[in-house]
2 protein chains.
Amino acid sequence: MYYTIGEFAKKVNISPHTLRFYAKEGLLPFVERSESGIRMFKDEDFEWLMIIECLKKTGMPIKDIKTFIDWIMEGDSTIDKRLDMFKKQKEAVEKQIAQLQETLELLKYKCWYYETAKNAGTCAVHNTIKLEDIPEDIRLVKERLKKIHSLY
Amino acid sequence: MYYTIGEFAKKVNISPHTLRFYAKEGLLPFVERSESGIRMFKDEDFEWLMIIECLKKTGMPIKDIKTFIDWIMEGDSTIDKRLDMFKKQKEAVEKQIAQLQETLELLKYKCWYYETAKNAGTCAVHNTIKLEDIPEDIRLVKERLKKIHSLY
DNA sequence: ATAAACCTGAGAGTTAGCTCTAAGTCAAGA
DNA sequence: TCTTGACTTAGAGCTAACTCTCAGGTTTAT
């Protein structure tokens with residue numbers, strides 16, 4: 001069962017333009033061609049695209065993804081490199097999640113800040129608010145922010 | 001206490017070039033100027049930069065950040081808009097975290113895959129591996145991936 | 001007073017990752 | 001056979017977010 005680039009594009013939900021761009025960048029060395037030069041995608045190519053998508057989601061640049069694809073094409077001699085790469089990428093994503101969770105805390109604080117301001121009709125309410133009227137979790141974020149500020 | 005752009009750049013760890021770029025994009029309407037036109041940053045401007053940084057980390061484009069800064073400059077009449085914006089941004093970040101956690105699962109699977117291949121000396125080991133030799137958590141990811149694949 | 005270091009805005013250049021156009025080739029249905 | 005739509009490559013264009021260069025003005029320390 002073979003697919004043209006247009007059919008495969010629908011399957012993986014990536015435009016044919018983008019698939020050709022990936023091919024040009026060397027991300028799809030596994031794709032077969034017909035005699036007349038037309039790309040023939042297979043079902044198993046779907047798995048390759050899943051790996052590519054996964055690495056893209058980690059923020060890895062296309063050049064580095066190409067390096068990794070080339071390692072796979074090279075065979076078992078590159079297993080160590082591939083393992084190292086995934087370990088590093090795993091750590092990178094763990095850091096990204098931690099970073100986003102910090103950002104989320106600040107956003108939660110800001111939501112509370114504007115909920116309170118909305119109820120009072122003015123942001124000025126935050127000049128007179130008492131510490132004990134601030135919810136526990138919000139107060140912690142507020143104090144963390146102050147600390148960062150005073151570091152500089 | 002006023003800072004020149006160079007001094008402030010060090011404080012917030014952003015290059016003077018980038019700060020001028022932000023100013024040009026309208027992100028720093030609160031920065032005062034000396035008679036001769038030189039920017040005079042204040043301690044409290046640090047907080048503005050913290051908000052800008054926070055929104056940038058959520059992936060918000062500079063134009064949208066400018067809209068938000070303009071709302072703050074407009075005063076209390078824009079509190080509702082600002083609250084809505086933060087609520088949406090909070091949801092967006094929660095989705096990003098969920099997405100990264102899925103990606104992390106796949107990376108963990110790949111780490112296990114290559115650890116196993118490394119021990120065996122070949123990726124071919126995965127053609128003959130028994131289900132019961134796959135750790136519980138890894139097996140779950142593997143099955144989830146299969147399901148996604150068969151959807152198409 | 002003068003050199004060094006820093007400031008200014010305008011605008012050019014860079015990078016990544018698409019996204020599209022053009023000119024031509026190929027394949028399937030009426 | 002002919003039309004229509006999808007395929008091909010090369011290469012141009014686009015957007016975001018910087019990043020840097022330039023020519024000129026300002027500040028500060030000797």
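Here is how names work: the chains are called A, B, and so on, in the same order as the sequence lines, proteins then strands, and each is numbered from 1. In what follows, every heavy atom counts, from backbone to side chain, and hydrogens, waters and symmetry copies are set aside.
- OP1 or OP2 of D/dC7 lies within a sub-4.0 Å distance of a side-chain N or O belonging to A/T4.
- For C/dC7, the OP1/OP2 oxygens have no side-chain nitrogen or oxygen of B/R39 closer than 4.0 Å.
- Listed by residue number, the members of residues 15-30 of chain A with any heavy atom below 4.0 angstrom from DNA chain D are A/R20, A/K24.
- Per the geometry, CD1 belonging to B/I14 stands 15 Å off P belonging to D/dC20, to the nearest Å.
- Positionally, the nearest nucleotide of DNA chain D for A/M40 lies more toward the 5' end than for the other of A/M40 and B/I38.
- Taken residue by residue, residues 56-68 of chain B places heavy atoms nearer than 4.0 Å to DNA chain D at B/K56, B/P61, B/I62.
- Using a cutoff of 4.0 Å between basic side-chain nitrogens and carboxylate oxygens, A/K108 and A/E105 are scored as salt-bridged.
- A salt bridge between A/K66 and A/E25 is absent, with no side-chain N of the basic residue lying under 4.0 Å from a carboxylate O of the acidic one.
- Enclosure of atom CG in A/N119 by more than 12 non-hydrogen atoms of other residues, nucleotides or ligands within 6.0 angstrom is indicated.
- A donor-acceptor contact shorter than 3.5 Å is absent between the side chain of B/Q89 and the backbone of A/L107.
- Atom pair A/I5:CD1 and C/dC26:P shows a separation of 17 Å (rounding to whole Å applied).
- Across the protein-nucleic acid pair, B/R33 atom CZ and D/dT27 atom C1' stand 17 Å apart, rounded to whole Å.
- Taking the six-membered ring where the residue is Trp, A/W71 and A/F68 present perpendicular rings, their angle passing 60° and hence far from 30°.
- Taking the charged nitrogens against the carboxylate oxygens, B/K88 and B/D84 have no contact shorter than 4.0 Å, which rules out a salt bridge.
- Ring geometry for B/H126 against B/W112 counts as perpendicular: the plane angle is over 60°, on a 0 to 90° scale with 30° as the lower cut.
- Closest heavy-atom contact between B/R139 and B/E132: NH1-CA, 3.7 Å.
- Between the CZ atom of A/F41 and the C1' atom of D/dC7 there is a distance of 12 Å, given to the nearest Å.
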